[in-house]
There are 2 protein chains.
Amino acid sequence: MEGKPRPTASAADAIGALDDLVATNLVGRQEFARNLGLSVKDLVCFAHVLEAEGAPVTAGDLAGRAHVTTGAVTGILNRLERGGFVVRRPDPADRRRVRVTAVPAAAERVQAVYGPYYTLLAELCTDYSPDEIAVLTDWLTRAGALARTYLEESC
Amino acid sequence: MEGKPRPTASAADAIGALDDLVATNLVGRQEFARNLGLSVKDLVCFAHVLEAEGAPVTAGDLAGRAHVTTGAVTGILNRLERGGFVVRRPDPADRRRVRVTAVPAAAERVQAVYGPYYTLLAELCTDYSPDEIAVLTDWLTRAGALARTYLEESC
DNA sequence: TGATATTCCTTAGTACGTAAGATAAATTCC
DNA sequence: GGAATTTATCTTACGTACTAAGGAATATCA
């Protein structure tokens, strides 16, 4: 169960590679969002709605997640709703609140645009053993959690 | 030379974790840029200038890298120059061109803001063996190259 | 030389964000 | 129960950063 030999690298190398990857993704998402008639933050919010999967997401939740004001969320939801990605419904339990849910077909619509890039990444993964993918996923997951914690606590 | 056991995961899991990490970093960079009086694209451009390390970077190069118009680059360079991050100098060989170079101390100034997050990631890495870091760096590097190629060719 | 291309900048318009406050609903405290 | 406060979303005015289109200076090629 030995993986292929990979060039040796330090933690700094890994972080540098991550930075570069993030920077490129950052530019790419702008194009990606534009293709869907949305902004980058719109996509962040929509992803959060999808991730919640049925659990009621409110406008305030999205403001916290995307680090924008609640005023900006109104605009974000206007675009997402106008584009048919989400629906706003009043919360029956607290009528000040707005419950945002994803339109079922919308996830596929986003996936269609994202698909080709996703496929390339999946192909890249075939070059790695299950053990290696496990390490990779573990690290990415923990780095993601770390980033979110840092973002919430230090900003 | 066995690493710790990591939870098994599929390529889809890895890509999902990457997506989440990128989304969080995307939001974080906005805060990060604001702390420096810059925009996210300003940082992308400055990183490119640093990366070039002495090789002459032109305004047009930056437009290509950040996927913005040359008009926008003028504004980006104005901010970077006003903030003391880069200097613009006319190219002696082609006087239409502008050569952009980093101000030496500026890299450290950015690093100072980035530092705490970097440290957390470095700490996370201590939990992984050299082999695992090698795999990680390899994958991140290739994914970065893949993303850049895709961005250039398909947009 | 003259025509065309390239490179950066300028201008006008647009999109997306913030800040401050309005509105409506829920909660808390007599 | 009613008044005061807090909470959640939306509205308005405004700022910043981008695009699109075009201008000026320089380079390149027939």
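Sequence lines set the chain letters: A, B, ... in the order given, protein chains first and strands last, and positions in each chain run from 1. All heavy atoms count here, side chains included; hydrogens, waters and symmetry mates do not.
Checking the phosphate oxygens (OP1, OP2) of C:dC16, a side-chain nitrogen or oxygen of A:Arg79 falls inside 4.0 Å. One finds a side-chain N or O of B:Thr69 lying less than 4.0 angstrom from the OP1 or OP2 phosphate oxygen of D:dT19. Between A:Thr70 and D:dC10 there is no side-chain polar atom (N or O) within less than 4.0 angstrom of OP1 or OP2. At D:dC10, one or more side-chain N or O atoms of A:Arg88 fall inside 4.0 Å of OP1 or OP2 (strictly under the cut-off).
Atom CG in B:Asp91 sits roughly 14 Å away from atom C1' in D:dA25 (whole-Å rounding). Following rounding to the nearest Å, B:Leu80 (CG) and C:dC9 (P) show an atom-to-atom distance of 13 Å. Distance CG (A:Leu38) to P (D:dC18): 19 Å, rounded to an integer number of Å. A:Asn78 has its CG atom 11 Å from the C1' atom of D:dT9, to the nearest Å. For A:Ile76 and D:dT11, the CD1 to P distance is 15 Å, given to the nearest whole Å. Between the CZ atom of A:Arg89 and the P atom of D:dA8 there is a distance of 21 Å, rounded to whole Å. Following rounding to the nearest Å, B:Arg29 (CZ) and D:dA17 (P) show an atom-to-atom distance of 18 Å. Rounded to a whole Å, the CG atom of B:Asp61 is 8 Å from the P atom of C:dC8.
Comparing A:Arg96 and B:Arg34, the nucleotide of DNA chain C nearest to each residue sits closer to the 5' end for B:Arg34. Looking at which nucleotide of DNA chain D each of A:Ala72 and A:Arg97 is closest to, the 5′-most match is held by A:Arg97. Comparing A:Arg95 and A:Val68 against DNA chain C, the residue whose closest nucleotide sits nearer the 5' end is A:Val68.
Salt-bridge formation is not detected for the pair A:Asp131/B:Arg6: no Lys NZ or Arg NE/NH1/NH2 atom is positioned less than 4.0 Å from an Asp or Glu carboxylate oxygen. B:Asp20 has a carboxylate O that lies under 4.0 Å from a charged side-chain N of A:Arg148, or vice versa, which qualifies the two as a salt bridge.
For B:Asp94, counting side-chain heavy atoms from C-beta on, the closest listed nucleotide (C:dG17, D:dA27, D:dT19) is D:dA27. Nearest nucleotide to the side chain of A:Val98, out of D:dC18, C:dC8, D:dT9: D:dT9.
Residue contacts shown for B:Ala66 are absent, as no nucleic acid heavy atom lies under 4.0 Å away. Heavy atoms of A:Gly71 sit under 4.0 angstrom from at least one base atom. Using a 4.0 Å heavy-atom criterion, one finds that A:Ser39 contacts the sugar-phosphate atoms exclusively.
Sparse packing is recorded around CD of A:Glu53, with 12 or fewer heavy atoms of other residues, nucleotides or ligands lying under 6.0 Å away. Crowding of B:Arg89 atom CZ: a count of heavy atoms from other residues, nucleotides or ligands under 6.0 Å not exceeding 12.
Under a hydrophobic-cluster definition in which Ile, Leu, Val, Met, Phe, Trp and Tyr are linked whenever side-chain heavy atoms come within less than 4.5 Å, directly or via other members, B:Val113 and A:Leu18 are assigned to the same cluster.
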